[in-house]
Amino acid sequence: MQTKLLMSISALYMAALGLLASFLPQEILGYYHASAQGLAVVLIQAIGALYLGFAILNWMARASLIGGIYGKPVALGNFLHFAVLAVVLLKLLAAGSAVPEITAAAAIYAVFAVWFGLVVFTAPSQVAGSRQG
């Protein structure tokens with residue numbers, strides 16, 4: 001399975017979320033009518049830093065064979081991230097919080113979870129024409 005597209009798209013998605021959370025934490029909290037001060041701001045910025053870290057990891061690893069012996073940790077980390085958040089967001093939707101942002105995020109996270117799940121739980125493939133010496 002070719003993973004360059006998956007790694008690139010997930011890196012760009014997480015970079016966008018990371019930049020927003022890092023530089024606009026008060027605005028994010030205010031949009032959701034939460035207290036935009038103190039620890040909440042720091043937590044949103046910490047989440048932004050985590051997203052930026054994952055984004056750069058995925059961007060730098062996008063040309064590697066993901067899912068192989070050396071790329072398995074990257075694939076598994078991404079799978080767990082997207083799968084856990086997909087479940088959390090789907091539970092939120094089931095509880096009646098069907099706002100458009102949550103619905104869209106749940107769909108995006110579910111797609112990434114399934115895609116990374118396929119990478120983690122199937123055998124990796126080499127690029128066509130590469131030598132396996």
Side-chain angles (χ1 to χ4, degrees):
M1 172 181 300
Q2 295 287 42
T3 57
K4 187 171 185 174
L5 179 63
L6 171 61
M7 298 302 286
S8 298
I9 293 171
S10 65
L12 293 172
Y13 178 71
M14 287 193 272
L17 292 177
L19 289 170
L20 288 172
S22 293
F23 295 108
L24 300 170
Q26 290 92 352
E27 290 78 4
I28 292 169
L29 290 165
Y31 181 79
Y32 290 103
H33 309 293
S35 175
Q37 58 187 0
L39 186 58
V41 173
V42 173
L43 288 174
I44 296 295
Q45 288 176 318
I47 291 167
L50 290 168
Y51 272 104
L52 288 172
F54 242 131
I56 197 66
L57 174 73
N58 286 356
W59 187 258
M60 297 301 292
R62 73 188 186 281
S64 301
L65 180 63
I66 303 301
I69 190 168
Y70 299 112
K72 185 71 84 177
V74 173
L76 189 56
N78 276 283
F79 171 69
L80 288 174
H81 166 78
F82 285 110
V84 168
L85 270 171
V87 169
V88 168
L89 292 169
L90 290 170
K91 282 177 60 176
L92 195 58
L93 287 176
S97 298
V99 295
E101 304 90 43
I102 302 298
T103 305
I108 291 168
Y109 275 86
V111 167
F112 277 128
V114 168
W115 202 351
F116 275 109
L118 289 172
V119 170
V120 169
F121 298 111
T122 60
S125 63
Q126 292 286 341
V127 175
S130 68
R131 298 165 55 134
Q132 295 185 357

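Numbering starts at 1 and runs along the sequence shown.
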Open item on the list: Under 4.5 Å side-chain heavy-atom separation, chaining through any Ile, Leu, Val, Met, Phe, Trp or Tyr, what else clusters with V111? Say none if it is isolated.
Closed with: none
Task: Joint hydrophobic cluster, V99 plus L89, side-chain heavy atoms closer than 4.5 Å - done: yes
Task: Pairing residues for L93 by the side chain to side chain contact (heavy atoms under 4.5 Å, CB included) criterion, not counting sequence neighbours - done: L90, A98, I102, T103, A106
Open item on the list: Ignoring hydrogens, what is the shortest heavy-atom contact between G71 and I66? Give both atom names and the distance.
Closed with: O-CG2, 3.9 Å
Task: ILVMFWY clustering at 4.5 Å (side-chain atoms), partners of Y70 - done: I69
Open item on the list: Suppose we screen for ring pair (Phe, Tyr, Trp, His ring centres under 6.0 Å). Which residues come up paired with F82, at least two apart in sequence or across chains?
Closed with: Y109, F112, F116
- [ ] Name the orientation class of the two ring planes belonging to H81 and Y51 (parallel below 30°, tilted from 30 to 60°, perpendicular beyond 60°).
- [x] perpendicular
Task: hydrophobic_cluster_shared for V84 and I47, side chain cutoff 4.5 Å - done: no
TODO: Identify the heavy atoms of V74 and N78 that sit nearest to each other, and give their distance.
DONE: O-ND2, 2.8 Å
Side-chain donor/acceptor pairs under 3.5 Å, residues 5-12, sequence neighbours excluded:
residue, atom, partner, partner atom, Å
S8, OG, K4, O, 2.8
S10, OG, L6, O, 3.0
S10, OG, M7, O, 3.2
S10, OG, N58, ND2, 3.0

TODO: State the CG-CG distance between L57 and L52, to the nearest 0.5 angstrom.
DONE: 12.5 Å
Task: By ring pair (Phe, Tyr, Trp, His ring centres under 6.0 Å) - contacts of F121 (at least two apart) - done: F79
Determine all donor-acceptor pairs shorter than 3.5 Å in which one atom belongs to a side chain in residues 13-32; sequence neighbours excluded.
residue, atom, partner, partner atom, Å
S22, OG, G18, O, 2.8
Y31, OH, E101, OE2, 3.1

Open item on the list: Connecting only ILVMFWY residues whose side-chain heavy atoms lie within less than 4.5 Å of each other, what is the rest of L50's hydrophobic cluster?
Closed with: none
